[in-house]
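All values below were derived from every heavy atom in this structure, side-chain atoms included, with hydrogens, water molecules and symmetry-related copies excluded. A, B, ... follow the sequence lines: proteins, then strands. Residue 1 opens every chain.
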Protein chains: 2
Amino acid sequence: MLVSQKISTRRNQIMAVSLQMMRKLGYQGTSMREIASALNIEAASLYNHISNKEEILKVTCFGMGNQLLLGMNEVNDIYFNAVEKIKMLVKNHIRVLTTDLNAGWVFIHEWRNLSETSRLDFIALRDRYENGIIEILQQGENEGVFNEVNNKFAALTLLSSLNWIVEWYKPGGNMSPDEVAEKLTDFILSGLKKD
Amino acid sequence: MLVSQKISTRRNQIMAVSLQMMRKLGYQGTSMREIASALNIEAASLYNHISNKEEILKVTCFGMGNQLLLGMNEVNDIYFNAVEKIKMLVKNHIRVLTTDLNAGWVFIHEWRNLSETSRLDFIALRDRYENGIIEILQQGENEGVFNEVNNKFAALTLLSSLNWIVEWYKPGGNMSPDEVAEKLTDFILSGLKKD
DNA sequence: CCTACCGATCGGTAGG
DNA sequence: CCTACCGATCGGTAGG
């Protein structure tokens, strides 16, 4: 029991260090030797805790993706009208991305480096999320509260502003994740123009 | 004259092939040998036309960046009110990114791989563009046509939807760059909600 | 967790 | 534009 806890802790350290380096240097720009060196061990020792470099990426991308999908399911189960759903979805999305910004950044940028089969799985997962957003927008149209727009286009634009947050969000800054979510929702719902 | 034209053409071929591969595999994932192989020459021969791998990235990132800044200067010279400025800026931004989507993609994603000094220059250039947008938003506020918002935040959100286009735009699809720009402007100005 | 090592590949240069 | 090559580095394994 103690042993497996130790291993698990080491694994967590490896994950944390890897994601930090990958955010700075990219997946391909981060070597196993550098990860090991940051932990004061040899590269070969990493393989006692993870099976290979790609596992780091796979666990991160699918972990984040599943968190987003879980949030979406929850939103659809609990909230009734489209505006409420969008608000909750945005809040969850920002929370998931900012809870571990290194993981969020890698999730957004580095999934392309997944091997062929994993990449296809990831794209399928992402498409499910995207389609869920399209459905909410459609619901809003049906309710008569959203403008009639190209929902696919609107969903992509919405997602772009949600995902871009990993580029500029500073955890120690003057906006909490929920405040960001609130401002973003206002922007998405009302736009720049004064009524 | 003929010789220099030949060289220049070869250089353009190298640029085009490189950007296509880098869009698919990333800057670090694209090797000089693979670029050469796609042109049926040896890797060493590339160095008669470009000085090194980074030059491809540098020319692309600063070329695109300068195009965006030029467009912004033009907009500020010609258009008077903020709504008109935003419309024109968005149109120019989308045009620049979609004219060569490979270059657009590399510009948006791969500038991080620039060497230290170039990267700092690039960030400075990007900040100038960002500040230009903030100024237009401020002008719109002063004119009383835009909501009072955090302009920095609004500028980043605006930029996110402009830049995300390199992720999903399909040149052969059913929207021209100018149509995308128009829809995007509507979205940014008016948001999702029905008035 | 380490030593020792593998085959492969990298960006780039010398010299023609 | 090529041949021949450089030193460096990569992800990963064998065996302890």
- request: Examine B:Trp168 together with A:Phe153 and report whether their ring centres are nearer than 6.0 Å.
  value: yes
Spacing of [X] atom [atom1] relative to [N] atom [atom2], expressed in whole Å:
X: A:His49; N: C:dC1; atom1: NE2; atom2: C1'; result: 7 Å
X: B:Glu42; N: C:dG11; atom1: CD; atom2: C1'; result: 15 Å
X: A:Met32; N: D:dT13; atom1: CE; atom2: P; result: 10 Å
X: B:Asn40; N: D:dC1; atom1: CG; atom2: P; result: 11 Å
X: A:Ile35; N: D:dG12; atom1: CD1; atom2: P; result: 10 Å
X: A:Gln13; N: C:dC1; atom1: CD; atom2: C1'; result: 14 Å
X: A:Leu39; N: C:dC2; atom1: CG; atom2: C1'; result: 15 Å
X: B:Leu46; N: C:dG12; atom1: CG; atom2: C1'; result: 11 Å

[X] side chain, from C-beta outward: closest of [options]:
X: A:Asn48; options: D:dG12, C:dC1, C:dG11; result: C:dC1
X: B:Ser31; options: D:dC10, D:dG12, C:dC10; result: C:dC10
X: A:Tyr47; options: D:dG12, C:dC1, D:dC10; result: D:dG12
X: B:Lys53; options: D:dC10, C:dA14, C:dG11; result: C:dG11
X: A:Arg10; options: D:dG12, D:dC1, C:dC1; result: C:dC1

Charged N to carboxylate O under 4.0 angstrom, [X] versus [Y]?
X: A:Lys91; Y: A:Glu84; value: no
X: B:Arg119; Y: B:Glu116; value: yes
X: A:Arg11; Y: A:Glu55; value: yes
X: A:Glu42; Y: A:Arg33; value: no

message: Nearest heavy atom decides the nucleotide; on that basis, is A:Arg33 or A:Ser45 closer to the 5' end of DNA chain C?
response: A:Ser45
field: Step-by-step side-chain contact (heavy atoms from CB on, under 4.5 Å) determination, B:Lys87 to B:Val83
entry: CA-CA 6 Å; B:Lys87 278 186 185 169; B:Val83 171; 4.1 Å; yes
field: Which residue lies more 5' along DNA chain D, comparing A:Glu34 with A:Ala44 via nearest heavy atoms
entry: A:Glu34
message: Can you list every stem that DNA chain D is part of, counting only runs of 3 or more consecutive Watson-Crick or G-U wobble pairs with both distances under 3.5 Å?
response: C:1-16 with D:1-16
message: With side-chain contact (heavy atoms from CB on, under 4.5 Å) as the criterion, how do B:Phe107 and B:Leu68 come out once you've worked through the C-alpha distance, each side chain's angles and the decisive distance to 0.1 Å?
response: CA-CA 11 Å; B:Phe107 164 68; B:Leu68 290 182; 3.8 Å; yes
